[in-house]
Amino acid sequence: MEYVSRVPRPPLDGLIDDLYYLEGAPPYARLTLPPMPAALLIVNLGAPFRIRAGTDIETAEYADGCVVTTPTRALEFGYPLRTRSVGVHFKPWGLALFLPMPAAELCDRPVTVEQVWGRPAIAELRDRLATADGPHEMLTLLQEELMRRLCETAGLGLVRHVSSVIAATSGAVAIGDLSVAAGVSSTHLAQRFKELIGVTPKRLARTHRFAATVFAIDPAGPIDWSDLAGGAGYFDQAHFGHEFRAFTGLTPTRYLEVRRRFLHEHPGHVLDSWPLPTD
């Protein structure tokens, strides 16, 4: 697969981690994406893909693309034989500036880009992207569209500051202390977070801690799960295992097996750092 990534220009760089282009044959027909402390927007330029946002939710098809606020559980993506898209990896608070509704309304409920930006706008954007001269021009067009849609959002400064502290500590911070330091009540802080990110500060901290712990795992080497859990600040290994199942649907040892399968079957693949094959 071809993957091209670009950090956007200011002020978008304070809202977005990267813009990307993806094209090719996916390594597996279905991939599971564990929750990350980030939001996602995909503009689809190929055949429709499918998403299931939980075992209790039916799979839905997305032709024009999708919008995903910071999730609390794994997403299962079903890909066509070849996929082609451009997308945005938002910082947790970044997507709010491009939404016409509170982020909480979309929590664990991916929607089409059409539902957010309207059919005429997304149809025009897809047409321009489809006729662009290569990935870099496509990312420039996407950046211009985002700049055009950038708007003011109340409470952004507060949420951005507190989220940055949570990220800097990998979630190992007392949320009550953060609200005191910010000079607001915990209720007000939670409300702002749900409006702009879709989840509470406590939930975002859990996601940061889990993500940091998983990225610290070297699937090619031996792992002491007890040491890993203790170093990440989990109460004990049982607590760590519970969080693992809550976020991925897998036990830690099963997760490791799946990660090793990916690395063995597709060494050096552009997607090998986070998605998991879905059995």
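If you're wondering where the values come from, they're calculated on a predicted model, not measured in any experiment.
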So with a 6.0 Å cut-off around NZ of K194, is the heavy-atom count from everything else above 12? no
Show the nearest heavy-atom pair for residues R209 and G233, with the distance to one decimal. NH1-O, 3.2 Å
If you apply the rule side-chain contact (heavy atoms from CB on, under 4.5 Å), what do you find for F240 with T213, and how did you get there? CA-CA 10 Å; F240 177 59; T213 304; 3.6 Å; yes
Going by salt bridge (Lys or Arg N to Asp or Glu O under 4.0 Å), name the residues that satisfy it together with R192, two or more places apart in sequence or in a different chain. E195
P35 and P71 have their tightest heavy-atom pair at CB-O, 3.7 Å
Heavy atoms, side chains only, cut-off 4.5 Å: are H266 and D272 in contact? no
Could you report the tightest heavy-atom contact between I16 and H89, atom names first, then the distance? CG2-O, 3.5 Å
Quick check: do F193 and R203 have side-chain heavy atoms less than 4.5 Å from each other? no
Criterion side-chain contact (heavy atoms from CB on, under 4.5 Å) on L45 and M138, from CA distance to verdict: CA-CA 11 Å; L45 303 172; M138 295 169 75; 3.1 Å; yes
Distance-only donor-acceptor pairs under 3.5 Å for side chains of residues 217-229, two or more places apart:
from, atom 1, to, atom 2, distance (Å)
D218, OD1, A220, N, 3.1
D224, OD1, S226, N, 3.1
D224, OD1, D227, N, 3.0

For the CD atom of E76 and the CZ atom of R30, what is their distance to the nearest 0.5 Å? 4.5 Å
Check: residues 167-185 side-chain donor-acceptor pairs under 3.5 Å, at least two apart:
from, atom 1, to, atom 2, distance (Å)
T169, OG1, V165, O, 3.1
T169, OG1, I166, O, 3.1
S179, OG, G176, O, 2.8
S185, OG, H188, N, 3.0

Inspect the contact between E58 and R52 and indicate whether a charged nitrogen and a carboxylate oxygen are less than 4.0 angstrom apart. no
Looking only at non-hydrogen atoms, find the nearest pair between L139 and L19 and report the distance. O-CD1, 3.8 Å
Residues two or more places apart in sequence or in another chain: which of them pass ring-ring contact (aromatic ring centres under 6.0 Å, His included) with H239? Y234, F235
Restricting to salt bridge (Lys or Arg N to Asp or Glu O under 4.0 Å), what partner residues turn up for R9, sequence neighbours left out? none
Can you name the residues that form a salt bridge (Lys or Arg N to Asp or Glu O under 4.0 Å) with E152, not counting sequence neighbours? none
Is there side-chain contact between V43 and R126, with heavy atoms separated by less than 4.5 Å? yes
Cluster overlap L263 with V214, hydrophobic side-chain contacts below 4.5 Å: no
Point-to-point distance, once rounded to the nearest 0.5 Å, from CG of L125 to CD1 of I122: 4.5 Å
Does any part of the side chain of N44, heavy atoms only, come nearer than 4.5 Å to the side chain of D64, both counted from C-beta? no
By salt bridge (Lys or Arg N to Asp or Glu O under 4.0 Å) - contacts of R260 (at least two apart): none
With a 4.0 Å cut-off, would you call R148 and E144 a salt bridge? no
Verify whether one side chain among S5 and D18 offers a donor that lies under 3.5 Å from an acceptor in the other. yes
With sequence neighbours excluded, residues passing ring-ring contact (aromatic ring centres under 6.0 Å, His included) with F210: F244, F247
Using a strict 4.0 Å threshold on nitrogen-to-oxygen distance, state whether E145 and R149 make a salt bridge. yes
Which pair of heavy atoms, one from A25 and one from R82, lies closest together, and at what distance? N-NH1, 3.9 Å
Validation row: L99, V67 side chains within 4.5 angstrom (heavy atoms): yes
Here the gap from T32 atom OG1 to L250 atom CG, rounded to the nearest 0.5 Å, amounts to 7.5 Å
List, by chain and then residue number, the residues other than L31 in its hydrophobic cluster (Ile/Leu/Val/Met/Phe/Trp/Tyr, side-chain heavy atoms under 4.5 Å); write none if there are no others. M1, Y3, Y20, L22, Y28, L33, L40, I42, F49, I51, Y62, V68, L75, F77, Y79, F262, V270, L271
Between CG on residue D133 and CG on residue L141, distance to nearest 0.5 Å: 10.5 Å
Heavy atoms only: give me the nearest H136-R6 pair and the separation to one decimal. O-NH2, 2.9 Å
Which pairs count as side-chain hydrogen bond (donor to acceptor under 3.5 Å, both in side chains) when at least one residue sits in residues 154-168, sequence neighbours excluded? none
Sort and list the pairs that fulfil ring-ring contact (aromatic ring centres under 6.0 Å, His included) and have at least one residue in residues 93-113, not counting sequence neighbours. F90-F98
Measuring only between side-chain heavy atoms, which start at C-beta, is F215 closer than 4.5 Å to M36? yes
Determine, stepwise, if the pair E257 / R261 fulfils salt bridge (charged side-chain N to carboxylate O under 4.0 Å, His left out). CA-CA 6 Å; E257 291 172 1; R261 172 190 166 192; over 6 Å; no
Report yes or no: does R73 contribute a side-chain atom to a donor-acceptor pair with the main-chain N or O of T248 at less than 3.5 Å? no
Sequence neighbours left out, cut at 3.5 Å: what donor-acceptor pairs do the side chains of residues 101-113 make with other protein atoms?
from, atom 1, to, atom 2, distance (Å)
D108, OD1, T72, N, 2.9
D108, OD1, T72, OG1, 3.4
D108, OD2, T72, OG1, 2.3
R109, NH1, E105, O, 2.3
T112, OG1, Q115, N, 3.2
T112, OG1, Q115, OE1, 3.1

Gap between atom CZ of R245 and atom OG1 of T251 - 0.5 Å precision: 7.5 Å
CG of L95 to CD1 of I197: how many Å apart, nearest 0.5 Å? 10.5 Å
Is the shortest side-chain heavy-atom distance between P92 and L204 below 4.5 Å? yes
Any side-chain heavy atom of V159 within less than 4.5 Å of one from L189? no
